[in-house]
Protein chains: 2
Amino acid sequence: MDEKGVSSKGAILAAARKEFAARGFSGARVEAIARAAGCNKAMLFYYFSSKENLYRSVLAQALGEIFAEIGGVVNERLTPRSFLERFPEIYIRFLARNPDLPRILVFDLIHNPENISRTVGQIFRENASFNPQLLLGMIRTWHDQGLISEGDPMHFILNVISLSIFSFVGRPMVEAISGLKAGEDEEFYRARIQSVVHTLTKGMLK
Amino acid sequence: MDEKGVSSKGAILAAARKEFAARGFSGARVEAIARAAGCNKAMLFYYFSSKENLYRSVLAQALGEIFAEIGGVVNERLTPRSFLERFPEIYIRFLARNPDLPRILVFDLIHNPENISRTVGQIFRENASFNPQLLLGMIRTWHDQGLISEGDPMHFILNVISLSIFSFVGRPMVEAISGLKAGEDEEFYRARIQSVVHTLTKGMLK
DNA sequence: TATTATATTAACCGTATGGTTAAACTAAAC
DNA sequence: GTTTAGTTTAACCATACGGTTAATATAATA
């Protein structure tokens with residue numbers, strides 16, 4: 001694959017990510033993706049064979065990046081406090097830098113959860129950037145040692161992820177309800193991280 | 001408007017809610033909605049004039065129901081503890097009974113936040129089922145009295161809503177990560193409510 | 001019964017869209 | 001310099017889709 005080929009395929013993937021994030025699968029236009037990638041529509045089918053397949057590639061890439069980022073936080077010698085203090089910051093900052101990812105993710109969680117399951121399973125099989133069993137085991141140990149109050153790892157993780165990821169989705173909702181503007185992005189994320197970390201550490205650490 | 005007319009319009013709205021929730025705006029098919037409502041496609045345009053307009057009606061109705069439910073929890077003599085103990089239960093149970101609502105809501109929060117803002121504003125103007133300023137004022141008072149640790153009402157509400165609503169969206173994600181099945185719905189919601197209430201009360205009450 | 005307003009249908013229409021094809025261009029490989 | 005494999009394009013195709021129309025049915029009203 002020569003230089004032009006790489007950049008074409010890459011450009012299509014990048015453009016597709018934006019388009020799918022902005023409009024969802026059905027709303028995304030193959031033509032628009034090709035144009036944004038600076039190439040012909042046929043080019044897109046040449047590399048990805050179908051819209052569906054292009055979407056799968058985008059999703060797999062996005063989930064891969066997310067898990068690589070998460071994997072960086074999870075290691076053998078993690079205390080529950082350092083996990084709860086560091087995870088939300090890293091995760092929220094990462095999603096703020098890559099706003100297309102939570103959109104694609106949440107969209108699929110709602111409309112195509114099996115899609116997520118399959119792709120996540122595939123990533124864990126192929127890519128060792130993050131070992132979920134390691135995290136699950138640690139959470140169980142933390143609870144056995146009396147360090148945390150939540151005994152079910154699923155709810156522990158759900159609490160952490162909910163507060164982190166919904167910062168993005170829920171912001172316009174709460175702005176609409178309260179009539180307040182949440183302020184500039186940087187200030188909003190700073191305050192959000194602080195609130196999430198405080199609530200999680202105070203709420204789940206024993 | 002005669003009996004048949006009422007039921008046609010209502011049937012279209014109900015079918016549209018399901019279709020939009022399942023496939024999003026662009027993925028939803030006008031034809032499919034009409035068929036599910038037991039009537040002709042032209043009937044739909046007769047009552048709602050466009051797909052867009054039908055969607056707006058569905059969204060307004062959905063948000064109306066949500067705020068009516070929330071309004072039931074918020075009243076003058078609310079302590080922060082009773083709010084944090086009761087809200088997640090009522091909200092999660094309500095969304096579990098009406099699974100289409102969080103789907104439509106989250107979909108629009110991602111792809112059309114201005115839509116949400118406009119409709120929410122409209123509901124507050126027309127319908128007095130829930131007064132957000134009352135809740136905001138209470139949260140500020142609670143903080144002034146030293147009852148809660150989160151001083152910004154926006155983050156207070158965001159924490160509560162995140163943990164409640166993301167229970168639905170995030171479940172397949174966490175199932176995929178952990179490889180665990182979350183169990184039967186009823187058991188899952190029971191445990192989820194308990195975890196959310198515990199985390200919120202312990203995390204945000206002083 | 002004639003009138004009128006609302007409800008409902010079948011048949012159409014224009015276009016946007018995902019996908020195809022066949023040919024041409026590019027640049028190594030031999 | 002010819003072959004070959006990969007890359008790119010313009011033009012095309014079938015159909016699915018949102019929306020329209022004009023005619024008809026229904027039922028209340030005068």
Atom-pair distance (OH on A:Tyr47; C1' on C:dG19), nearest Å
18 Å
Round to a whole Å and report the spacing from CG of A:Leu44 to P of D:dT9.
12 Å
Of the candidate nucleotides C:dA7, D:dT21, C:dT20, which contains the atom at the shortest distance from the side chain of B:Ala42?
D:dT21
Any side-chain N or O of A:Arg29 under 4.0 Å from OP1/OP2 of C:dA16?
no
To the nearest angstrom, the CZ-P distance between A:Arg35 and D:dA10 comes to 13 Å
Among side-chain atoms of B:Gln122 and B:Arg118, is any donor-acceptor pair under 3.5 angstrom?
no
Could you give the CD-to-P distance, from B:Glu31 to D:dG19, as a whole number of Å?
13 Å
Below 3.5 Å, does any donor atom in the side chain of B:Lys51 face an acceptor in the base of D:dG19, or the other way round?
no
In whole Å, what is the span from the CD atom of A:Glu52 to the P atom of C:dT17?
18 Å
Should the ring pair B:Phe168 and B:Tyr189 be called parallel, tilted or perpendicular, given that the plane angle runs from 0 to 90° and is split at 30 and 60?
tilted
Less than 4.0 angstrom between a side-chain N/O of B:Ser8 and OP1 or OP2 of C:dT8, yes or no?
yes
Over-ring placement of B:Lys51 relative to B:Phe20, 6.0 Å and 45° cut-offs
no
Is it the case that more than 12 heavy atoms not belonging to B:Glu114 sit under 6.0 Å from its CD atom?
yes
Please figure out whether A:Tyr46 or A:Lys41 has its closest DNA chain D nucleotide nearer the 5' end.
A:Tyr46
Residue closer to the 5' end of DNA chain C, A:Ser26 versus B:Cys39 (nearest nucleotide):
B:Cys39
Just by distance, no angles: are the side chains of A:Arg192 and B:His155 close enough, under 3.5 Å, to form a donor-acceptor pair?
yes
Base, sugar-phosphate alone, or nothing: which one does A:Ala34 contact when heavy atoms must sit under 4.0 Å apart?
nothing
Just the rounded figure in Å: distance from P of C:dC13 to CZ of B:Phe45.
17 Å
Under 4.0 Å between any heavy atoms, over every strand shown, what does B:Ala32 touch: base, sugar-phosphate, or nothing? Just pick one.
nothing
Take the protein atom CG of B:Asn40 and the nucleotide atom P of D:dT20, then report the distance between them rounded to whole Å.
14 Å
Given axes from five pairs at either end, by how many degrees does the helix from C:dT1-D:dA30 to C:dC30-D:dG1 bend, rounded to 10°?
10°
Rounded distance (Å) that lies between atom C1' of D:dA10 and atom CE of A:Met43:
14 Å
Hey, can you pull the donor-acceptor pairs under 3.5 Å for the side chains in residues 24-34 of chain B, sequence neighbours left out?
| from | atom 1 | to | atom 2 | distance (Å) |
| --- | --- | --- | --- | --- |
| B:Arg29 | NE | B:Gly27 | O | 3.4 |
| B:Arg29 | NH1 | B:Ser26 | O | 3.4 |
| B:Arg29 | NH2 | B:Ser26 | O | 3.1 |

Please check: side-chain N/O of B:Asn98 versus main-chain N/O of B:Asp100, any donor-acceptor pairing under 3.5 Å?
no
